[in-house]
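As structure tokens, the structure follows; a few thoughts come after it.
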Amino acid sequence: MSDDEDLLYIKRQKTIHYGGLDELEKEKLAAASAVPQIAETPEENVEEEPEKVVPKPVGNMEIGNMHISDEYMDIEDEVSKDKQALLDEFERRKKARHVNVSTDDNEVRQNLRQLGEPICLFGEGPAERRSRLRDLLARLGEDAIQKKQEEEEEKLKQERDQETWYHEGSETLRAARLWIAKYSLPRAKERLKQAREELKIPEATATAKRQELQKHLTSLSIFCSQIGDTRPISYCSFSPDSKKLATSSWSGLCKLWSVPDCNEIRTLRGHSCNVCAIEWHPKAGVEGSVCALASCAVDGTVKLWSMESDEPVADVEGHSPHRVSRLGFHPSGRLLATCCYDSSWRLWDLESAQEILHQEGHSCPVYCISFQVDGSIAATGGLDSFGRVWDLRTGRCIMFMEGHLKSVYGIDFSPDGYHIATASEDNSCIVWDLRMRNRVYTIPAHSNLLSHVKYQPGAGNFIITASYDNTVKVWSNKTWQPLKTLSGHDGKVMCLDISPDSKYIATASYDRTFKLWTPEEAV
């Protein structure tokens, strides 16, 4: 083999030189300076737009292929941001190394759960879990767990403040609950039996009765008007036999009137300030009854009255200095309930003359109360805009009525035992169903606050509402249609009542009068 065969010849590539950028820039500046500038003439005051200077192409390169933008990127800012993020990361890692984390894996899991983080990731061991907790604390702060615990404790405290709580009662209360259960069960059985019998009535007959009742109600008019006192009349109530009417006044006097001629029978003197309400005992006039009436006042006094004397027969003490706004007798007549402005309502045993229940539950003063016809349940309304239904046999709150926007000033049970009507400061009346534990209908009743609401005794075929717009309105049950508006008072209507025989409607007003209303054909 010759030496020429071992030699490898490499072909040298041709190198192309495009020239330096500085030379291109010099040529571009020279071309720009070669274009003559157009001077502005003194005769023309209008500025002319200078012609655009188009640089000549250099060599074989077109000017459109060259980047001639004058926009610049601030590289220093981008670099400084990245540098700052890197420094922050180093600082976080340095801080994480000084964070004290427990070596107990169970405690680490608990801390992660408190922070709202997963306690274990896929393939994560105790060391990695501890490192993750350390990183979290470095980012959130070492006191993050303590702050989380304080937030949870505050949340639990708020929940405890909102829930209903119960305390241990006395032996007297236990005996009263057993007695109420024995009293109410036969009455409930009788009420259900009567409801079943009403279902057997033909629909045509029931419709005819309703139409006749509506015609009867649409003809309501004033039968009698009487000046009751020198100050506003705050309350009125019919006696069980519908032959007497009791009124209370802001003058501190309570008066008894005959029905229907409205003649004064007796003046009950005992209160020294505004009387809020007066109620008849369910067995008033029957021999053996403890009292005939009960009244309450702004100063917290509650007095019991008899039919034979102008002076109170007894005082129910324990409310002062808090105002007692309303009171009500249990259907049996043995118990008396009072609504107090200390956000509680009380239950008194008149036979033993002692308080057997001090029930709390409202966050504001309790204003009104009503008993179910069976006597097993009571409903209260408060200035906190809520209503509550209480089972007197167990002491539990079995229904919370939330729907009004303002204070509840009136509440009443329907004779059917499961419908409740509430009157509120928000100008509306809401009908509730105890079985569904929900509202049935909201009646936009008046143009001012509602002061009272009442179901028809016995049948419950209509509802009557009183308002501070100086009117009383009658509404049909089931359809909730307005049947009649009773206008006649010159001031706001404070209270109303329906006689047990449903013949008369009484209204008490701020104008110091009370009125009796009855259908025109009955006059």
Side-chain angles (χ1 to χ4, degrees), residues 160-192 279 281-283 286 288-291 294 296 300 302-304 313-320 322 324-363 365-382 386-401 411-413 417-418 420 434-435 437:
R160 284 196 300 268
D161 292 341
Q162 294 178 356
E163 68 181 4
T164 305
W165 55 275
Y166 305 92
H167 59 84
E168 185 176 356
S170 61
E171 186 62 28
T172 307
L173 177 60
R174 179 177 178 274
R177 293 196 189 284
L178 291 173
W179 182 87
I180 291 173
K182 293 179 181 178
Y183 173 84
S184 62
L185 288 175
R187 291 173 63 90
K189 184 178 180 180
E190 183 64 26
R191 175 174 57 84
L192 295 175
E279 289 284 358
H281 191 280
K283 299 178 181 179
V286 179
S289 60
V290 179
C291 61
C296 59
V302 176
K303 298 183 181 295
L304 305 180
V313 296
D315 289 346
V316 180
E317 300 177 350
H319 306 91
S320 184
H322 302 287
V324 180
S325 55
R326 292 288 186 268
L327 46 74
F329 281 100
H330 187 266
S332 64
R334 175 181 171 179
L335 306 174
L336 175 68
T338 55
C339 301
C340 191
Y341 261 46
D342 63 354
S343 305
S344 70
W345 63 277
R346 325 281 182 89
L347 198 62
W348 305 82
D349 190 338
L350 299 180
E351 292 184 359
S352 60
Q354 62 178 340
E355 176 187 303
I356 60 173
L357 177 63
H358 184 132
Q359 182 65 61
E360 297 181 344
H362 289 271
S363 59
V366 183
Y367 194 84
C368 50
I369 189 169
S370 176
F371 286 99
Q372 189 198 33
V373 290
D374 301 339
S376 59
I377 297 173
T380 57
F386 302 128
R388 288 179 178 269
V389 182
W390 308 87
D391 189 343
L392 301 178
R393 300 163 296 185
T394 61
R396 295 183 178 275
C397 177
I398 59 175
M399 181 178 175
F400 182 71
M401 294 179 284
I411 193 167
D412 192 37
F413 259 105
Y418 53 84
I420 307 170
L434 185 59
R435 301 168 300 178
R437 300 189 181 184

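What you see below is based on every heavy atom in this structure, not just the backbone, and it leaves out hydrogens, waters and symmetry mates. As the structure is a prediction and not an experimental result, all values here were calculated from the model.
To the nearest 0.5 Å, the span separating CZ on Arg346 from OG1 on Thr338 amounts to 6.0 Å. Atom CD1 of residue Ile377 and atom OG of residue Ser370 lie 11.0 Å apart, to the nearest 0.5 angstrom. Annotation: the span from Tyr367 atom OH to Tyr341 atom OH amounts to 5.5 Å, rounded to 0.5 Å. Here the CZ-OG distance, from Arg334 to Ser352, works out to 6.5 Å after rounding to the nearest 0.5 Å. Atoms CH2 and OG1, from Trp345 and Thr380 in turn, are 7.0 Å apart once rounded to the nearest 0.5 Å. The NZ atom of Lys189 lies 13.5 Å from the OG atom of Ser184; values are rounded to the nearest 0.5 Å.
In this structure the side chain of Leu304 reaches within 4.5 angstrom of the side chain of Leu350, judged on heavy atoms. Arg174 is listed as a side-chain neighbour of Glu171, based on a closest heavy-atom distance under 4.5 Å. Taking the side chain as every heavy atom from C-beta outward, Lys303 and Val316 never approach each other to under 4.5 Å. Proximity of Arg393 to Leu185: side-chain heavy atoms (C-beta onward) are separated by under 4.5 Å at one or more points. For the pair Phe371/Ser376, no side-chain contact is recorded, criterion being any heavy-atom separation below 4.5 Å from C-beta on. Side-chain atoms of Asp374 and Arg191, non-hydrogen and from C-beta on, do get closer than 4.5 Å to each other. Using a 4.5 Å heavy-atom cutoff, the side chains of Ser325 and Cys339 are in contact. Contact check for Ile356 versus Leu335: side-chain heavy atoms found under the 4.5 Å cut-off.
Gln372 approaches Pro331 most closely through the heavy-atom pair O-CG, 3.4 Å. When all heavy atoms of Val366 and Ser343 are compared, the closest pair comes out as CG2-C, 3.8 Å. In terms of heavy-atom proximity, Phe329 sits nearest to Cys291 at CZ-SG, 4.0 Å. Across all their heavy atoms, Gly381 and Ile411 have their closest contact at N-CD1, 4.3 Å. Nearest heavy-atom pair across Leu336 and Gly328 is CD1-O, 3.5 Å. The two residues Arg177 and Leu392 have their closest heavy-atom pair at NH1-O, 2.7 Å.
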Show, in sequence, the C-alpha distance, side-chain angles and deciding distance for Ser344 and Asp342, and conclude whether the side-chain hydrogen bond (donor to acceptor under 3.5 Å, both in side chains) test is met. CA-CA 6 Å; Ser344 70; Asp342 63 354; 2.6 Å; yes
With side-chain contact (heavy atoms from CB on, under 4.5 Å) as the criterion, how do His362 and Arg388 come out once you've worked through the C-alpha distance, each side chain's angles and the decisive distance to 0.1 Å? CA-CA 8 Å; His362 289 271; Arg388 288 179 178 269; 4.0 Å; yes
Show the numbers, then the answer: is there a side-chain contact (heavy atoms from CB on, under 4.5 Å) between Gln359 and Leu347? CA-CA 8 Å; Gln359 182 65 61; Leu347 198 62; over 6 Å; no
Could you give me the CA-CA distance, side-chain angles and deciding distance for His358 and Glu360, then say whether side-chain contact (heavy atoms from CB on, under 4.5 Å) is met? CA-CA 7 Å; His358 184 132; Glu360 297 181 344; 4.1 Å; yes
Test Ile420 against Asp412 for side-chain contact (heavy atoms from CB on, under 4.5 Å), laying out the working first. CA-CA 6 Å; Ile420 307 170; Asp412 192 37; over 6 Å; no
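Ring-centre distance between His330 and Trp348: not below the 6.0 Å cut-off. Ring centroids of Phe386 and Phe400 are separated by less than 6.0 Å, placing the two rings close together.
No donor-acceptor distance shorter than 3.5 angstrom exists from the side chain of Asp315 to the backbone of Glu317, with no hydrogens or angles considered. In terms of modelled atom types and a separation under 3.5 Å, the side chain of His281 and the main chain of Gly333 share a donor-acceptor contact.
Ionic pairing of Glu190 and Arg187 is not present here: no N-O contact between side-chain nitrogen and carboxylate oxygen is shorter than 4.0 angstrom.
Judged by a 6.0 Å distance limit and a 45° cone about the ring axis, Arg396 is not positioned over the six-membered ring of Trp390.
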